[in-house]
Peer 1: 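Please see the structure below; I have some questions.
Keep in mind it's a predicted model, so treat the numbers as computed, not measured. FYI, side chains are in, hydrogens and waters are out, and symmetry mates aren't considered; it's all heavy atoms of this structure.
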Amino acid sequence: MLKNQSNFELNVSDNAIQINRPEPIMDVDVLAYKKRMDPMDAVDALVEGDHVLIVDYFSSGLTVLNALKTYLKNKYSDQSFKGQREFRSKYRELSHRLVLLVSHNKLTVRKSPEIGWLKSLYPNMDEFLLPFPQVQGLNSSWQWHEKGIFIPVLGRKIRPFYGTYFPTRFEHLILFDNWLKRYEGEKKSAIDVGIGSGVLTMQMLKHGFKKVCGTDSNPNAIVGINEELKRTRLDSKVELMHGDLFADCSEETELIVFNPPWLPASHNLEGIDQAIYYDEDLFPRFFAESFKHLKSGGRIALLFSNLGEITGEGEDHPIKKELAEGGRFKEELFIYKTVKAASTKTQRNQKWRSQEKVELWILNKI
């Protein structure tokens, strides 16, 4: 019998935070799929709105997903940025009806990976279903967490928590690090809005900042960076707050750092999408609140990209718009760095990548 306990909380600084995790699927009818069956039968079932349960080998699920991709590529052949987004949206919708059974924190199919998150994120659940792509995401995240990710500007690895954005390229971090090397100021405090995996905060601590207030609307980011800071014995220098933009941070500071999403949203945002896409009111709200939190002569450091402009997804550059119309800040510095070519292993069409530049904007309070 499946018992539904979808909420799960962890404590950070004596505050209970509800963790984001793949939602367990309960009480649904499923069609069983085995390796010897035609994968297109499973694809047809997914298209019709049925849930399909893999019952033998983990690899059987991979076979069905490959068949689904082939099916959708024939229907969504547009290779533009927008066309690829539509393909991924439909693939996500259909693939999440392909499910696996989890029993006592383990996958029941044969030759499946061991995923530590199944125990730590679902401690009180005996049996439930999860979408196959979500299991793949849990597995990838667990591998990153266990092995760690080397961050060149820190000179060491970090171990990101599930559901937390972490950098996979580093040009923007290099821009920020070079600027911090030349930073002139008291370095008493800073606010890291959207702390994520904490790299910007750890860069500031490395360069002598005494105290950082880190905020994030993603509860997993707060839990993850709390563990990372304890592991590296930096937790006494960072105050963490869960909430939108500045959360409950009331202090004024000399530096606000923000690495916002780089693309405007064209769909409802949930989970880690909020680290990639921004709503139309994000930047106006950020600049308005930043003006209140900055001391006289304080600065904002923004890490951004021209991605929205070159892909045609964004009509206005939100930082340029604020400088032209906001009347609150003036430009002190603008530098950029060309992004490395996309990996030859990627299956996406990323010809636009050759035009992409990451940007560092330093703004002064007027």
Peer 1: Do Ser140 side-chain atoms and Gln136 backbone N/O form a donor-acceptor pair below 3.5 Å?
Peer 2: yes
Peer 1: Nearest 0.5 Å, please: how far is CG in Leu180 from CZ in Arg182?
Peer 2: 9.5 Å
Peer 1: Hey, are the side chains of Pro167 and Ser197 touching, using non-hydrogen atoms and a 4.5 Å cut-off?
Peer 2: yes
Peer 1: Would you say Val153 and Met202 make side-chain contact, with heavy atoms under 4.5 Å?
Peer 2: no
Peer 1: Quick one: does Asp56's side chain have a donor or acceptor within less than 3.5 Å of a partner on Lys34's backbone?
Peer 2: no
Peer 1: I'd like to know if Ile174 and Val199 are part of one continuous hydrophobic network [Ile/Leu/Val/Met/Phe/Trp/Tyr, side-chain heavy atoms within less than 4.5 Å].
Peer 2: yes
Peer 1: Quick one: pull up OH in Tyr165 and CG in Asp216 and give me the separation to the nearest 0.5 Å.
Peer 2: 12.5 Å
Peer 1: Tyr71 versus Met40: any side-chain heavy-atom pair under 4.5 Å?
Peer 2: yes
Peer 1: Rounded to the nearest 0.5 Å, what separates atom OH in Tyr162 from atom OG in Ser120?
Peer 2: 11.0 Å
Peer 1: Answer whether the closest heavy-atom distance between the side chains of Phe170 and Lys337 falls below 4.5 Å.
Peer 2: no
Peer 1: For residues Met204 and Val257, report the shortest heavy-atom separation together with the two atoms involved.
Peer 2: SD-CG2, 3.6 Å
Peer 1: Any donor-acceptor pair under 3.5 Å linking the side chain of Lys365 with the backbone of Leu294?
Peer 2: yes
Peer 1: Under 4.5 Å between side-chain heavy atoms, counting indirect links through other Ile/Leu/Val/Met/Phe/Trp/Tyr residues: same cluster for Ile54 and Val47 or not?
Peer 2: yes
Peer 1: Under 3.5 Å, is there a donor on one side chain and an acceptor on the other for His207 and Asp177?
Peer 2: yes
Peer 1: Can you establish whether the number of heavy atoms outside Asp248 located under 6.0 Å from its atom CG is more than 12?
Peer 2: no
Peer 1: Salt bridge (charged side-chain N to carboxylate O under 4.0 Å, His left out) for Arg231 and Glu228? Distances and angles first, verdict last.
Peer 2: CA-CA 5 Å; Arg231 186 174 69 86; Glu228 182 72 22; 2.7 Å; yes
Peer 1: Could you tell me whether a side-chain N or O of Asp316 sits under 3.5 Å from a main-chain N or O of Pro318, the two making a donor and an acceptor?
Peer 2: no
Peer 1: Going by an N to O cut-off under 4.0 Å, is there a salt bridge joining Lys90 and Glu93?
Peer 2: yes
Peer 1: Taking the side chain as everything from C-beta on, heavy atoms only, tell me whether Arg88 gets closer than 4.5 Å to Arg85.
Peer 2: yes
Peer 1: Decide if atom NZ of Lys330 counts as having more than 12 heavy atoms of other residues, nucleotides or ligands within a radius under 6.0 Å.
Peer 2: no
Peer 1: Just by distance, do the side chain of Lys211 and the backbone of Ser236 share a donor-acceptor pair under 3.5 Å?
Peer 2: yes
Peer 1: Where the side chain of Asp50 meets the backbone of Leu46, is there a donor-acceptor pair that is under 3.5 Å apart?
Peer 2: no
Peer 1: What class does the angle between the rings of Trp179 and Tyr183 fall in, given that below 30° is parallel, 30 to 60° is tilted and above 60° is perpendicular?
Peer 2: perpendicular
Peer 1: For Val55 versus Ala32, what's the shortest heavy-atom pair and its separation?
Peer 2: CG1-CB, 4.0 Å
Peer 1: Between Glu356 and Ser305, is any side-chain donor less than 3.5 angstrom from a side-chain acceptor?
Peer 2: yes
Peer 1: So if I apply the salt bridge (charged side-chain N to carboxylate O under 4.0 Å, His left out) rule between Arg299 and each of Glu332, Glu331, Glu184, which one comes out positive?
Peer 2: Glu332
Peer 1: Per the side chain to side chain contact (heavy atoms under 4.5 Å, CB included) rule, which among Leu130, Val109, Leu129 passes with Leu100?
Peer 2: Val109
Peer 1: Between atom CD of Glu127 and atom CE of Met26, what is the distance when rounded to the nearest 0.5 Å?
Peer 2: 9.5 Å
Peer 1: Is it true that Thr201 and Asp192 share a donor-acceptor pair across their side chains at a distance under 3.5 Å?
Peer 2: yes
Peer 1: Counting neighbours of CH2 on Trp144 that are heavy atoms of other residues, nucleotides or ligands and sit closer than 6.0 Å, is the number greater than 12?
Peer 2: no
Peer 1: Say whether, by atom type as modelled, one donor and one acceptor occur between the side chain of Gln203 and the main chain of Leu173 under 3.5 angstrom.
Peer 2: yes
Peer 1: Got Val99 and Phe132 here, is their nearest side-chain heavy-atom distance under 4.5 Å?
Peer 2: no
Peer 1: In Å, rounded to the nearest 0.5 Å, how long is the span from CZ of Phe258 to CD1 of Ile195?
Peer 2: 13.0 Å
Peer 1: Once ring pair (Phe, Tyr, Trp, His ring centres under 6.0 Å) is applied, do any residues pair with His145, and if so which ones, sequence neighbours excluded?
Peer 2: Trp117, Trp142
Peer 1: Does Lys157 reach the main-chain N or O of Lys147 with its side chain, forming a donor-acceptor pair under 3.5 Å?
Peer 2: yes
Peer 1: Examine Ile362 and Ile256 and state if one hydrophobic cluster contains both, with Ile, Leu, Val, Met, Phe, Trp and Tyr joined whenever side-chain heavy atoms are less than 4.5 Å apart.
Peer 2: yes
Peer 1: Tell me whether the count of non-hydrogen atoms from other residues, nucleotides or ligands lying under 6.0 Å of NZ in Lys187 goes above 12.
Peer 2: yes
Peer 1: Kindly assign one of parallel, tilted or perpendicular to the pair Tyr76 and Phe87, based on the angle between their ring planes and the thresholds 30° and 60°.
Peer 2: perpendicular
Peer 1: Checking Leu65 against Thr63 for the side chain to side chain contact (heavy atoms under 4.5 Å, CB included) test, could you report, in this order, the C-alpha distance in whole Å, the side-chain angles of both residues, the deciding distance, and whether it holds?
Peer 2: CA-CA 6 Å; Leu65 290 183; Thr63 299; over 6 Å; no
Peer 1: If you count heavy atoms of other groups shown closer than 6.0 angstrom to CG of Asp281, is the number above 12?
Peer 2: yes
Peer 1: Looking only at atom types and distance, does a side-chain atom of Tyr91 sit under 3.5 Å from a main-chain N or O of Ser95, one as donor and one as acceptor?
Peer 2: no
Peer 1: If you compare all heavy atoms of Leu98 against all heavy atoms of Gly61, which two are closest, and at what distance to 0.1 Å?
Peer 2: CD2-O, 3.7 Å
Peer 1: May I ask you to establish whether Arg110 and Tyr57 are in a cation-pi arrangement, using a distance under 6.0 Å from NZ or CZ to the six-membered ring centre and at most 45° from the ring axis?
Peer 2: yes
Peer 1: Pick one: which of Phe329, Trp361, Phe304 meets ring pair (Phe, Tyr, Trp, His ring centres under 6.0 Å) with Phe283?
Peer 2: Phe304
Peer 1: Is there a continuous path of hydrophobic side-chain contacts, each under 4.5 Å between heavy atoms, that joins Leu94 to Val52?
Peer 2: yes
Peer 1: Thinking salt bridges, do Lys210 and Glu254 make one under a 4.0 Å N-O criterion?
Peer 2: no
Peer 1: State, yes or no, whether a side-chain contact exists between Glu359 and His317 at a heavy-atom distance under 4.5 Å.
Peer 2: yes
Peer 1: Check this for me, if you would: do Glu252 and Lys292 make a salt bridge, where the nitrogen-to-carboxylate-oxygen distance has to be below 4.0 angstrom?
Peer 2: no
Peer 1: Are Ile158 and Phe150 linked, directly or through other ILVMFWY residues, by side chains that come within less than 4.5 angstrom of each other?
Peer 2: no
Peer 1: Against Leu118, only a single residue in Leu107, Asn139, Val135 fulfils side chain to side chain contact (heavy atoms under 4.5 Å, CB included); can you say which?
Peer 2: Leu107
Peer 1: Is a side-chain N or O of Asn220 found less than 3.5 angstrom from the main chain of Asn20, in a donor-acceptor match?
Peer 2: yes
Peer 1: So do Ile149 and Phe166 actually touch side chain to side chain, heavy atoms under 4.5 Å?
Peer 2: yes
Peer 1: Side chains of Thr253 and Ser189: do they bring a donor and an acceptor to under 3.5 Å?
Peer 2: yes
Peer 1: Carefully, step by step, assess Tyr33 and Leu53 under the rule side chain to side chain contact (heavy atoms under 4.5 Å, CB included).
Peer 2: CA-CA 6 Å; Tyr33 177 84; Leu53 175 66; over 6 Å; no
Peer 1: Nearest 0.5 angstrom please: Phe287 CZ to Leu282 CG, how far?
Peer 2: 9.0 Å
Peer 1: Of Glu251, Arg285, Met241, Glu289, which meets side chain to side chain contact (heavy atoms under 4.5 Å, CB included) against Phe246?
Peer 2: Glu289
